[in-house]
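Here the structure is laid out as structure tokens; the discussion comes afterwards.
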Amino acid sequence: MKMVKINEGFTCKNKKCEKQVEAVEHGTCRNHCPFCLFSLHMDLKVPGDRLSECHGLMAPIGLELHKKKGPRIEHLCQLCGFKTFNRIAPDDNGDLICQLSRIPRQN
């Protein structure tokens with residue numbers, strides 16, 4: 001299955017943020033809040049499929065420096081424990097990304 005490109009804005013579901021997030025102007029799709037870096041567990045098998053029934057809040061828990069895909073944020077679903085990685089967007093909060101780089105990776 002290929003990634004499904006869904007590029008739309010949303011309101012962040014993180015209760016400490018709840019900011020309005022605009023769609024990505026140049027890129028594929030927005031999959032996390034650029035202000036707090038939280039995401040939602042919406043996808044099941046491929047990015048953008050929106051087939052997950054969980055819809056739990058996914059916390060940013062780490063940073064991965066992938067050889068081919070570049071730096072990616074590791075997210076952990078607060079409901080079911082699912083982990084995934086999302087590429088960093090140009091407008092993501094740089095201070096929070098730097099903080100993630102200091103957090104030991106959770107296995």
Side-chain angles (χ1 to χ4, degrees):
M1 280 180 113
K2 288 178 119 178
M3 180 176 114
V4 180
K5 294 182 181 182
I6 298 174
N7 191 16
E8 57 193 8
F10 59 89
T11 301
C12 181
K13 301 296 183 197
N14 178 6
K15 295 292 184 196
K16 294 180 180 177
C17 180
E18 297 183 331
K19 291 186 179 175
Q20 184 62 38
V21 178
E22 300 298 323
V24 175
E25 215 172 292
H26 302 287
T28 55
C29 58
R30 175 80 70 189
N31 54 18
H32 61 272
C33 175
F35 303 104
C36 69
L37 306 181
F38 275 74
S39 184
L40 285 181
H41 187 182
M42 301 289 289
D43 301 330
L44 186 63
K45 294 187 179 185
V46 295
D49 69 13
R50 302 299 192 251
L51 296 175
S52 173
E53 294 180 9
C54 179
H55 295 194
L57 190 64
M58 297 189 77
I61 61 167
L63 190 66
E64 175 190 64
L65 299 175
H66 192 276
K67 195 178 269 188
K68 293 182 182 176
K69 297 179 182 180
R72 302 188 306 169
I73 300 168
E74 183 177 16
H75 284 97
L76 173 67
C77 181
Q78 304 299 287
L79 285 181
C80 73
F82 177 76
K83 287 185 184 179
T84 190
F85 292 91
N86 290 307
R87 289 184 182 175
I88 292 173
D91 60 347
D92 283 347
N93 183 324
D95 291 338
L96 290 179
I97 290 171
C98 286
Q99 289 175 19
L100 285 177
S101 69
R102 294 185 211 113
I103 297 172
R105 203 162 163 227
Q106 298 178 14
N107 294 325

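Just so you know, these numbers use all the heavy atoms, side chains as well, and skip hydrogens, waters and symmetry mates. Heads up: numbering here begins at 1 and tracks the sequence.
- Of all heavy-atom pairs spanning His66 and Lys69, the tightest one is ND1-N, 3.0 Å.
- Residue His75 holds its NE2 atom at 10.0 Å from CD of Gln78, rounded to the nearest 0.5 Å.
- For the atom pair Cys77 SG and Ile61 CD1, the distance stands at 11.0 Å (nearest 0.5 Å).
- Nearest heavy atom pair, residue Cys54 against residue Leu79, reads SG-CB, 3.8 Å.
- When all heavy atoms are compared, the tightest approach of Leu65 to Pro71 is CD2-CB, 3.8 Å.
- Nearest heavy atom pair, residue Val21 against residue Pro34, reads CG1-CD, 3.5 Å.
- Within the model, atoms SG of Cys36 and NZ of Lys13 stand 12.5 Å from one another, a figure rounded to the nearest 0.5 Å.
- His32 is listed as a side-chain neighbour of Asp92, based on a closest heavy-atom distance under 4.5 Å.
- For Arg87, the CZ atom counts as loosely surrounded, since its 6.0 Å shell holds 12 or fewer non-hydrogen atoms of other residues, nucleotides or ligands.
- By the 6.0 Å contact criterion, CD on Gln20 is enclosed, its count of non-hydrogen atoms from other residues, nucleotides or ligands being greater than 12.
- Side-chain heavy atoms closer than 4.5 Å link hydrophobic residues (I, L, V, M, F, W, Y) into clusters, and following such links, even through other members, never connects Phe10 to Leu40.
- Asn14 contributes atom CG, which lies 13.5 Å from atom CE of Met58 (distance to the nearest 0.5 angstrom).
- Applying the side chain to side chain contact (heavy atoms under 4.5 Å, CB included) criterion to Asn31, with sequence neighbours excluded, gives Asn86.
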- Task: For side chain to side chain contact (heavy atoms under 4.5 Å, CB included), just list the numbers for Glu22 and Asp91, CA-CA rounded to whole Å, side-chain angles, deciding distance to a tenth of an Å, and then say yes or no.
- Result: CA-CA 11 Å; Glu22 300 298 323; Asp91 60 347; over 6 Å; no
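- Between His41 and Phe82, the ring planes are parallel. Angles under 30° get that label, and only those over 60° would be called perpendicular.
- The structure places CZ of Phe35 at 5.5 Å from NZ of Lys19, a figure rounded to the nearest 0.5 Å.
- Arg50 pairs by the side chain to side chain contact (heavy atoms under 4.5 Å, CB included) definition with Ile6, Met42, Asp43, not counting sequence neighbours.
- Looking at heavy atoms from C-beta onward, Ile88 lies in side-chain contact with Ile73 at the 4.5 angstrom threshold.
- Hydrophobic clustering, with ILVMFWY side chains joined whenever heavy atoms are under 4.5 angstrom apart, keeps Phe38 apart from Leu76.
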